[in-house]
Protein chains: 2
Amino acid sequence: MDARQAVDTMVVYLGQNGLKMTAQRRTVTEVFYDPDLRGAHPTVEELYIKVREADSRIGYATVYRTLKLLTECGLASARRFGDNQTRYEPTSPDDHHDHLVCSKCGAILEFEDAEIEKLQDVIAARFGFSLTDHKMVLFGEPINGNCETTCNKSEH
Amino acid sequence: MDARQAVDTMVVYLGQNGLKMTAQRRTVTEVFYDPDLRGAHPTVEELYIKVREADSRIGYATVYRTLKLLTECGLASARRFGDNQTRYEPTSPDDHHDHLVCSKCGAILEFEDAEIEKLQDVIAARFGFSLTDHKMVLFGEPINGNCETTCNKSEH
DNA sequence: ATCCATGCAAAGGATTTGCAAAGAT
DNA sequence: ATCTTTGCAAATCCTTTGCATGGAT
C-alpha cells in the first residue's frame, strides 16, 4: 500500500467515526508511508523528526494521536523488540509477517512462514482456543559474524 | 526449582560478583518463588505487595533491584503481553516455554513446542543467523466461549 | 574501616491528557 | 454555530538513580 492509498483509507475510517482528515493527519500518514521508511520500523521520535521536516509546526502529541488512529484502522502496528522502544510499521490486513532481530547490530529483518502459523493454530486448538493474534520475534547472530552482508538482505 | 534452591543460586551469583545476600534479597527471592505465585506472571507491583506482606519495610526500589539481579543470574525473566505491563516469571536454564494469552479474560497459559522451536532455528538459518533467543506470544479466545473451564487448564 | 545495600524522594523517559485557541464544515 | 483538532505544558505511569543512613565483615 502506498501513501495515497493509506490516506484514502484514513479518510474513510475518519468519516465513519465522525472525525476529520486534516493537514496534520495527512502529513503524518504520508511520512509514515513514505518509501524512505520502508522496513525502517521507526520509533515515535524518529517519525516525529521526519514529520517535522515536512511540517515543522506539528506537535509530538499529534504524532502520537495520529499513530493511534492509524493503528485503529489497521494501517499501523506497534511492535516492541526488547529495547524498550515502541516501533511502528505500516501494515495491511493480509500481512502476517514476523521479525528476526540481529542481536549484534539491531537490524530488523522480516519473514513470513506459513508452517509456523499453522503450528500456532494447532497449539491454540490444543488448549481449546481459536487464535486471534500472535507476536513472534526471533533474536540471533550472523553465523559468519558479518552484519554488513548478513543483516542487509531483503526478502526470504 | 523451589525457593530454597533459588536462594542458593542467588548466594552463589552474588558471591561471584562481590555482592552480598541480605534479608531483603532473600525475602524477594522467596516470595518470587513461592508456590502461591506458580504461573502467576506477577507484575512488579503485585510482587511488591506480596513482599510487603512478608516484610513491610522493604522498598519498591529494592524489589526492582532484586528483580534485576534475579534476571541477571537467570532465575527470572521479564515478559510483556501486550498490556503495557512488565511481568516476571521464575525460569530455569532449560526452560523454553512460550505463552498463550486469553484475549477475553487475560489468563496466561504456558506451553512448549519442540516443533516450533525447530522451525524457528530453520528460519534463522535461512537468513544466515544462529538463534540466540525468541519471544512468542499467542492470543486467542476460548472456542466454547467459556473462560471458566478453558482458561484454567494447566499442562499441555 | 571499608564496602555494599537500603529506603526515600527525586529524576527520567515514554506516553497521555486538559485546555484554550484554531480549524473545518 | 458547532464540533473536532491542535499545540503546548502539565500530568501519568513505570522504572532508575542519587544520596545519606544503616548493615555486614
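Here is how names work: the chains are called A, B, and so on, in the same order as the sequence lines, proteins then strands, and each is numbered from 1. The structure displayed is predicted, hence computed values, not measured ones.
Applying the 4.0 Å criterion to OP1 and OP2 of C:dA5, one finds that B:Arg25 has a side-chain N or O inside that range. Contact between the side-chain N/O atoms of A:Gln24 and the OP1/OP2 oxygens of C:dG23 is not found at any separation under 4.0 Å.
When the side-chain contact (heavy atoms from CB on, under 4.5 Å) test is applied to B:Arg25, the partners found at least two apart in sequence or on another chain are B:Leu14, B:Leu19, B:Met21, B:Thr22, B:Thr66, B:Leu69. B:Asp121 is linked by a side-chain contact (heavy atoms from CB on, under 4.5 Å) to B:Leu131, counting only residues two or more places apart in sequence or in another chain. Taking B:Thr43 as the reference, B:Glu45, B:Glu46, B:Gln85, B:Arg87 meet the side-chain contact (heavy atoms from CB on, under 4.5 Å) condition, with sequence neighbours excluded.
Residue B:Asp55 contributes atom CG, which lies 11 Å from atom P of C:dT6 at whole-angstrom precision. For B:Leu70 and C:dA5, the CG to P distance is 14 Å, given to the nearest whole Å. The nearest whole Å value for the distance from the OH atom in A:Tyr48 to the P atom in C:dT15 is 14 Å. Look at CZ on B:Arg26: it is 12 Å from P on C:dT6, rounded to the nearest Å. B:Arg52 has its CZ atom 11 Å from the C1' atom of C:dC8, to the nearest Å.
Going from atom CD1 of A:Ile116 over to atom NE2 of A:His96 covers 14.0 Å, rounded to the nearest 0.5 Å. From A:Tyr88, atom OH reaches atom CZ of A:Arg79 across 12.0 Å, with rounding to the nearest 0.5 Å. A distance of 7.0 Å separates OG1 in B:Thr27 from CD in B:Gln24, rounded to the nearest 0.5 Å.
Taking Ile, Leu, Val, Met, Phe, Trp and Tyr as hydrophobic and joining them when side-chain heavy atoms fall under 4.5 Å apart, one finds A:Val12 isolated, its cluster having no other members.
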Along nucleotides 12-19 of chain D, 5' to 3', which nucleotides get a B, which get an S, and which get a -, given that the test is a protein heavy-atom distance under 4.0 Å? --SBBBB-

Given protein heavy atoms under 4.0 Å, the one-letter contact record of nucleotides 20-25 of chain D, with B base, S sugar-phosphate only and - none, is simply ------

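Heavy-atom contacts from other residues, nucleotides or ligands closer than 6.0 Å to CD of B:Gln5 number more than 12.
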